[in-house]
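All remarks here apply to the structure that follows.
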Amino acid sequence: MRTVQIPEATTVGQPAERVAWNKRHVLDLDEFSRQEMEAVLDTSSAMKDVLHRDIKKVPTLRGKSILTLFYESSTRTRVSFEQAGKVLSADVINISSGTSSAAKGESLLDTLLTLQSMAADVIVIRHPSSGAPYLAARHLGHASVVNAGDGTHAHPTQALLDAFTIREKRGRLEGLRVAIVGDVAHSRVARSNLWGLTRMGAHVVLCGPPTLMPWDLLKGRETTPGHPFGAVEVELDLEKALPDADVIMALRLQKERQQMGAIPSLREYARLWQVNTERLALCRPDVLLMHPGPMNEGVEISPEAAHGPHSVVQEQVTNGVAVRMALLYLLCGPAESS
Amino acid sequence: MREQKTKADNGTLLIRGGRVIDPAQGLDDVLDVLVRDGLVAAIRKPQNASSTEARSVVDASGLVVSPGFIDLHCHLREPGYEDKETIATGTLAAARGGFTAVCAMPNTLPPIDSRSVVEFVLQRAREEGHVRVFPIGSITRGRKGRELTEMAELAKAGAVGFSDDGDPVADPYMMRMALTYSRVTGLPLIEHCETPELSGGVIHEGWVASRLGLKGIPSQAEEAMVARDLALAELTGGRLHLAHLSTRQALELVRRAKERGLPVTFEVTPHHLTLTEEEVLGLRVRASPFESLTPLAYDTNAKVNPPLRAREDVQALVAALREGLVDAIATDHAPHTLVDKVCPFDEAAFGISGLETALGLVLTIYHQGQVPLSRIVEKLTVGPALVLGAKGQGLGTLKPGTVADLVIFDPEEAWTVDPQKFASKGKNTPLAGVTLKGRVKYTVLEGKVIYDDGR
């Protein structure tokens, strides 16, 4: 375990905080204790201050190399990591599968080893196959691995920025009721949020078409003793899920779900599960509406709701940079022995 | 314990003082086995130690002597995938695992769907093989599920059964025709039971799949196909053998069919009898299944089709073996290269390299007191011989006069699995580093020692 100190430049007016941190990789939130989550969120607050400065640059990660390796298209996550690294003065190199040796048939592992040999300190990976970052972490001797989304498994930095956003708006996560609406079964955002939110003491209700619910949760509440999702509820009727919610997270609905037979039509999906102003009217007046993006406006979320007073979608994007700064800093920032 | 040379005639071998388990004869006693000219000459009460009637003597005291194991389900990969396995390496792995006969599955390149490929496999086995190789022909040409192979000619060339293994015969009409036509040869049709439209996943559809965000293969994908095939077997009178059954309800369907008198048989694998879906988490010992994942998660060496199932399925398989419902234990030995396995989970090949761990793995349920040793030996010997019908006659037993294929093993010896020491080219096993109890000491084919563990 090492203790790192939040850089002075980011903690003007605050006492230097010491954060316990012993992670080499960030693969999913199942491996984060509540204390570790809070450490990341606290560090993220300090980082967010930097983003609001006139000159958005601190020298904290000068001389560190961050490689982003994306095997799926992405705008916000990739740019968010790049911006986070650059604000901290790290060198950031972006590689996408179309331009990498993957197109020439190189295996994922060989690509990773090649990048590690070029002295990458952190490799940020997004891959369509669940578990790909675990393969990376298993075989890389030096570099840290950050999961930027793997298949339908996990998206831990998204869940951290979601937790950060909720905590910033509500001051806490404990005891809040969060409704996650949409294609939960295929959502890595939902999976990571299940770990993050339940660990922080929030109450989660999942809502969406039964064909897009994780089948094991659909069968009824998890009753295995010690199961971390024992308190997670499934409610198929959106209008029943919303009234008590403090937070609504709408998930992106991929249009292929209709072809695979999971929904009859986008029209029927929108009728039953779209978050719109009529449905927001059923909610608490201070309800937060979140979306991990990119949004299909008119399908899972109406344009009025997406850009309305409850929406914190744009702040999520800003917070994403802050959270990723915090993680990069915790993974490879200057260590100070305690 | 080492084989000793004496002055007696060439071609004689005395295996002295072992516990002879030959379920075909109901034998389980400390006995001597005398082999002459490749045949079992006599099984008798232990003689005194100075006997010199045999040229070679193996001291088997403390060991089990049984008929050589017969594997109904093995992928030797040749022709076409020699980087994964060859007939030479696969049959050497078989000998090390105590097997004296293996059935070679036809999902090769080209598939075993013509007389020339059957003959090629048999020729390679004669040239380089270490144990008997029984080719399985494919049910349909190219394993494409549209036209039947020339089953009569394949049988004449030496095929002992037919299978499109790796895939089911998806079209029920084609399976009806295949089962009906199989009456021409009388040989079993070996079905890989998986309804494609219900499958398409990479591990068992259970809590581990849900946890890992991996697409599941529901038990019902297997059970629906088992139900269909049983109905078609009843309709046609064809001879049906179900490969590697893995779910509790599939066993119940077969149980009811057998109770109705249907001549259906089925096999289970050592890994489905002992391992669960949790193997994919990559941890041997878990305090709680809800612990956080580590970089060892998504273990592609535990990716196999049918997938490792839930605990209740494993328990049901063990119970079915104990009561004798199971006809045979078969390895589904499926060797792969590192390239096939060191990759993201979705992209990894299905399969476990199983010949060399089969005995030790399956004996874990014996050591747990769940299944008697004689039952396990039965399902590795006479069980599969009966499934092969006429082609298995005279195999799987040590009756005097039959061919002297046998295995001598120590059921108590503990050893740690090191895939790098496998004879098989396939190092893909979830058991690397695991200590198993039960080790083959000698394998004897037609009276000749083809594997000696001490050498």
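Order of the sequence lines fixes the chain letters, A, B, ..., with proteins taken first and strands second; residue numbering starts at 1 for each chain. Quick note: numbers below take in every heavy atom, side chains included, and nothing from hydrogens, waters or symmetry partners.
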Quiz prompt | Heavy atoms from other residues, nucleotides or ligands near CD of A:Gln35 exceed 12 (cutoff 6.0 Å) | solution = no
Quiz item: Got a sec, which residues hit side chain to side chain contact (heavy atoms under 4.5 Å, CB included) with B:Thr435, two or more places apart in sequence or on another chain?
Solution: B:Ala414, B:Thr416
Exercise. Report, by ascending residue number, the residues of residues 123-140 of chain A in heavy-atom contact with chain B at a distance under 4.5 Å; give 'none' if the set is empty.
Key: A:His127, A:Pro128, A:Ser129, A:Ser130, A:Gly131, A:Ala132, A:Tyr134, A:Leu135, A:Ala137, A:Arg138, A:His139
Quiz item: Counting only heavy atoms not in B:Leu338, do more than 12 sit closer than 6.0 Å to its CG atom?
Solution: no
Self-check item: Donor-acceptor contact present, side-chain A:Arg191 to main-chain B:Ser210, <3.5 Å
Solution: yes
Self-check item: Backbone of B:Leu293 reached by a side-chain donor or acceptor of A:Asp30 within 3.5 Å
Solution: yes
Quiz prompt | Which residues share a ring-ring contact (aromatic ring centres under 6.0 Å, His included) with A:His25, sequence neighbours left out | solution = none
Quiz item: So which residues of residues 148-155 of chain A are in contact with chain B at a heavy-atom cut-off of under 4.5 Å?
Solution: A:Asp150, A:Thr152, A:His153
Quiz item: Just wondering, do B:Pro344 and A:Leu108 contact through their side chains at under 4.5 Å, heavy atoms?
Solution: yes
Practice problem: Report yes if some heavy atom in the side chain of B:Pro295 is under 4.5 Å from a heavy atom in the side chain of A:Leu27; otherwise report no. | Solution: yes
Quiz prompt | B:Thr294 portion near chain A, given a 4.5 angstrom heavy-atom threshold | solution = backbone
Quiz prompt | Atom pair CZ (B:Arg211) and CZ (A:Phe229), whose distance is rounded to the nearest 0.5 Å | solution = 7.0 Å
Quiz item: How about B:Arg146: does its CZ atom have over 12 heavy atoms from other parts shown lying under 6.0 Å from it?
Solution: no
